[in-house]
Peer 1: 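Quick one: the structure is below, and I'll ask about it shortly.
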Amino acid sequence: MTSRPLPDNVAPAYDKYPVTIRKKLLNLRKMIQDTAASISEVGPIEETLKWGQPSFLTSKSKSGTTIRIDQTKEGQGQYALYVHCQTNLLDQFRELYPTEFTYSGNRAILFNEKDDVAENALQHCISLALTYHLKKK
């Protein structure tokens, strides 16, 4: 699938990133969109900014928790995929993928711009976030 155009309110947020991080974040964006499109219960996702970070919401279906992506505050070639800290998603991710990713507390999966991403594992983590509220019912 091809990525949808960036919403006007979101596009400027990507301009603040160094080129290599921007490319990685746009790849994450596409993976989130593609994963959402592959799960019928999720429906369309809303792309917006939360705290200045590109964010993805299941506004229509309410099936999942918000996913945010950003360069880490430490910078230095690191970026992250964030989920709501009051979910148990990071515990699930750690249990399922103890060595595939680096984690930050109960909030984020961290990536280094030079590392290859375990795409199948990450896609699964994204799908768990996008369907988080469906699993709770």
Peer 1: Among residues at least two apart in sequence or on other chains, which ones pass side chain to side chain donor-acceptor pair (under 3.5 Å) with Tyr82?
Peer 2: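 Result, side chain to side chain donor-acceptor pair (under 3.5 Å) vs Tyr82: none returned.
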Peer 1: Identify the heavy atoms of Ser55 and Thr66 that sit nearest to each other, and give their distance.
Peer 2: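 Smallest interatomic distance, heavy atoms only, reads CB-CG2, 4.2 Å.
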Peer 1: Rounded to the nearest 0.5 Å, how far does NE2 of His124 lie from OG1 of Thr35?
Peer 2: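 Taking OG1 in Thr35 and NE2 in His124, the distance rounds to 10.5 Å.
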Peer 1: Please test Leu81 against Asp70 for side chain to side chain contact (heavy atoms under 4.5 Å, CB included), starting from the C-alpha separation and ending with a verdict.
Peer 2: CA-CA 7 Å; Leu81 180 140; Asp70 199 358; over 6 Å; no
Peer 1: Taking a hydrophobic cluster as the set of Ile, Leu, Val, Met, Phe, Trp and Tyr residues connected by side-chain heavy atoms closer than 4.5 Å, whether directly or through intermediates, do Val83 and Leu57 fall within one such cluster?
Peer 2: no
Peer 1: Do the side-chain N and O atoms of Tyr79 and Asn112 include a donor-acceptor pair separated by under 3.5 angstrom?
Peer 2: no
Peer 1: Measure the spacing between CD of Gln76 and CD1 of Ile21 and express it to the nearest 0.5 Å.
Peer 2: 10.0 Å
Peer 1: Hydrophobic clustering (ILVMFWY, side-chain heavy atoms < 4.5 Å, transitive) - are Leu26 and Ile69 grouped together?
Peer 2: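 Hydrophobic grouping puts Ile69 with Leu26.
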Peer 1: Would you find a donor on one side and an acceptor on the other, under 3.5 Å apart, between the side chain of Thr87 and the backbone of His84?
Peer 2: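 Confirmed, Thr87 side chain pairs with His84 backbone.
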Peer 1: List the steps, then state whether side chain to side chain contact (heavy atoms under 4.5 Å, CB included) holds for Phe111 with Thr72.
Peer 2: CA-CA 9 Å; Phe111 306 98; Thr72 61; over 6 Å; no
Peer 1: Which pairs would a plain distance check flag for residues 113-122, meaning a side-chain donor or acceptor within less than 3.5 Å of a matching protein atom at least two apart in sequence or in another chain?
Peer 2:
from, atom 1, to, atom 2, distance (Å)
Glu113, OE1, Thr20, OG1, 2.6

Peer 1: What distance separates Ser127 OG from Met31 CE, expressed to the nearest 0.5 Å?
Peer 2: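 Result: 11.0 Å between the selected atoms.
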Peer 1: Do any side-chain atoms of residues 101-110 form donor-acceptor pairs under 3.5 angstrom with protein atoms, and if so which ones, sequence neighbours left out?
Peer 2:
from, atom 1, to, atom 2, distance (Å)
Tyr103, OH, Phe93, O, 3.1
Tyr103, OH, Tyr97, O, 2.7
Asn106, ND2, Cys85, O, 2.8

Peer 1: Side chain to side chain contact (heavy atoms under 4.5 Å, CB included) between Leu96 and Leu128: does it pass, once the steps are laid out?
Peer 2: CA-CA 11 Å; Leu96 292 166; Leu128 290 171; 3.7 Å; yes
Peer 1: Check the surroundings of atom CG in Asn9: do more than 12 heavy atoms from other residues, nucleotides or ligands lie under 6.0 Å from it?
Peer 2: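 Yes, CG of Asn9 has more than 12 neighbouring heavy atoms, counting only those of other groups under 6.0 Å.
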Peer 1: With a 4.5 Å cut-off on side-chain heavy atoms, are Lys16 and Pro18 touching?
Peer 2: no
Peer 1: Taking only residues two or more places apart in sequence, or in another chain, which ones meet Ser63 in a side chain to side chain donor-acceptor pair (under 3.5 Å)?
Peer 2: Ser61
Peer 1: Name every donor-acceptor pair, under 3.5 Å, that has one atom in a side chain of residues 45-52 and the other anywhere in the protein, sequence neighbours excluded.
Peer 2:
from, atom 1, to, atom 2, distance (Å)
Glu46, OE1, Ser59, OG, 2.3
Glu47, OE1, Arg29, NE, 3.3
Glu47, OE1, Arg29, NH2, 3.0
Glu47, OE2, Arg29, NE, 2.6

Peer 1: Does Arg22 use its side chain to pair, donor to acceptor, with the backbone of Tyr17 at less than 3.5 Å?
Peer 2: yes
Peer 1: If I take atom CD from residue Glu100 and atom CZ from residue Arg94, how far apart are they, to the nearest 0.5 angstrom?
Peer 2: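 So the gap between those two atoms works out to 13.5 Å.
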Peer 1: Taking only residues two or more places apart in sequence, or in another chain, which ones meet Phe56 in a ring pair (Phe, Tyr, Trp, His ring centres under 6.0 Å)?
Peer 2: none
